[in-house]
Amino acid sequence: MSLSPELTTLLEKSRWPATLTAEQMARLRHDIYEKSFPSGAIIYPRGTPADHWFGLIEGMIKVDTVAQDGRSTTFAGVPSGSWFGEGAVLKNEPRPYSIVAIRDSKLAFVPKQTFEWLLQQSTSFSRFVIDQLNWRCGYYVALVENRRLREASARVAFCLSELFNPQLYPSTEQTLPLSQEEIGRLSGLSRQNTNKALRELADMKLLSVEYGSVVILDLPRLRKFAHHDE
DNA sequence: ACATTAACGATGA
DNA sequence: TCATCGTTAATGT
């Protein structure tokens with residue numbers, strides 16, 4: 001089984017594959033496969049079986065739910081280079097959220113059987129998955145605090161800076177391909193307030209707003225602004 | 001008050 | 001041409 005150069009690069013720059021034995025790596029390379037999705041495509045609708053773990057080779061996806069009236073809430077944005085979906089695979093339940101491409105995206109699929117085999121075979125892989133879950137839990141705790149206590153610009157700063165969490169989202173890319181609409185969904189604000197908050201952050205030279213994306217200029221200060229007053 | 005939705009024209013890709 | 005942006009007006013809590 002020959003993998004694409006992009007998928008090979010993703011495996012090389014991710015932390016966990018380096019800890020696998022040759023045998024484990026061989027099975028992973030045999031079982032993993034990839035698929036592309038256009039922007040706006042629903043990759044997995046809510047309620048479908050959670051039978052894969054994912055790596056995002058390129059693009060940007062979000063995890064959200066859509067209410068009966070059509071309105072949607074985004075729970076997480078996932079930039080390229082990230083691995084996600086372990087929570088749903090570990091539970092024997094249908095996927096509780098839908099997975100949607102918000103840019104043209106290419107995903108790697110690790111079948112559930114392979115994922116669970118790796119968990120049993122490799123303690124370092126298990127540890128990686130535990131760390132993922134722990135960081136996600138920490139993110140949501142901090143998110144609740146942030147949303148209850150801070151003003152709009154700090155909420156936007158928090159959601160953007162968390163996309164650079166080194167465990168969950170190891171990408172070093174400074175440009176986030178997110179529209180202001182999607183940033184609003186991610187931080188729980190209207191697009192108008194998101195627009196205002198983004199321009200405040202741009203005035204502080206923490207980021208710059210581009211067409212359809214934001215460029216992070218000063219990640220340490222953006223993080224600081226998300227957590228404290230300045 | 002304050003935030004949200006609706007709606008508009010302008011503009012970038 | 002279509003998505004996105006920046007703004008204003010209307011609406012809701």
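Here is the naming used below: chain letters follow the sequence lines, and residue numbers restart at 1 for every chain.
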Using a heavy-atom cut-off of under 4.0 Å over every strand shown, decide if Ser190(A) touches base, sugar-phosphate, or nothing.
base

Inspect the contact between Asp203(A) and Arg199(A) and indicate whether a charged nitrogen and a carboxylate oxygen are less than 4.0 angstrom apart.
no

Separation of dT4(C) atom P from Glu210(A) atom CD, nearest Å, is 15 Å

Mind grabbing the angle between the end helix axes of the helix from dA1(B)-dT13(C) to dA13(B)-dT1(C)? Five pairs an end, 10° rounding.
20°

List the residues meeting salt bridge (Lys or Arg N to Asp or Glu O under 4.0 Å) with Glu58(A), not counting sequence neighbours, and say none if there are none.
none

Write down the distance between CG (Leu198(A)) and P (dT4(C)), rounded to a whole number of angstrom.
14 Å

What are the atom names and distances for every N/O pair under 3.5 Å that joins the protein to nucleotides 10-13 of chain C?
none

Could you check how far CD of Gln180(A) sits from P of dC5(C), rounded to whole Å?
4 Å

With a cut-off of less than 4.0 Å, is there a side-chain N or O of Asn193(A) near OP1 or OP2 of dA3(B)?
no

Donor-acceptor list for residues 110-117 of chain A side chains, cut-off 3.5 Å, not counting sequence neighbours:
unit_1: Lys112(A); atom_1: NZ; unit_2: Val89(A); atom_2: O; d: 3.2
unit_1: Lys112(A); atom_1: NZ; unit_2: Asn92(A); atom_2: OD1; d: 2.8
unit_1: Thr114(A); atom_1: OG1; unit_2: Asp31(A); atom_2: OD2; d: 2.7

Do the non-hydrogen side-chain atoms of Leu168(A) and Val78(A) ever get within less than 4.5 Å of each other?
no

By nearest nucleotide on DNA chain C, pick out whichever of Arg199(A) and Ser39(A) is the more 5' one.
Ser39(A)

When the ring centroid of Phe54(A) is compared with that of Tyr44(A), is the distance short of 6.0 Å?
yes

Could you tell me whether Glu182(A) contacts a base, only the sugar-phosphate backbone, or nothing, with contacts defined as non-hydrogen atoms closer than 4.0 Å?
nothing

Rounded distance (nearest 0.5 Å) linking atom CG of Leu160(A) with atom CZ of Arg155(A)
13.0 Å

Tell me, which pairs form a side-chain hydrogen bond (donor to acceptor under 3.5 Å, both in side chains) where one or both residues lie in residues 156-170 of chain A, sequence neighbours left out?
Arg15(A)-Gln167(A), Gln132(A)-Gln167(A)

Which side-chain hydrogen bond (donor to acceptor under 3.5 Å, both in side chains) pairs, counting each pair once, include a residue from residues 93-106 of chain A, with sequence neighbours left out?
Asp64(A)-Ser98(A)

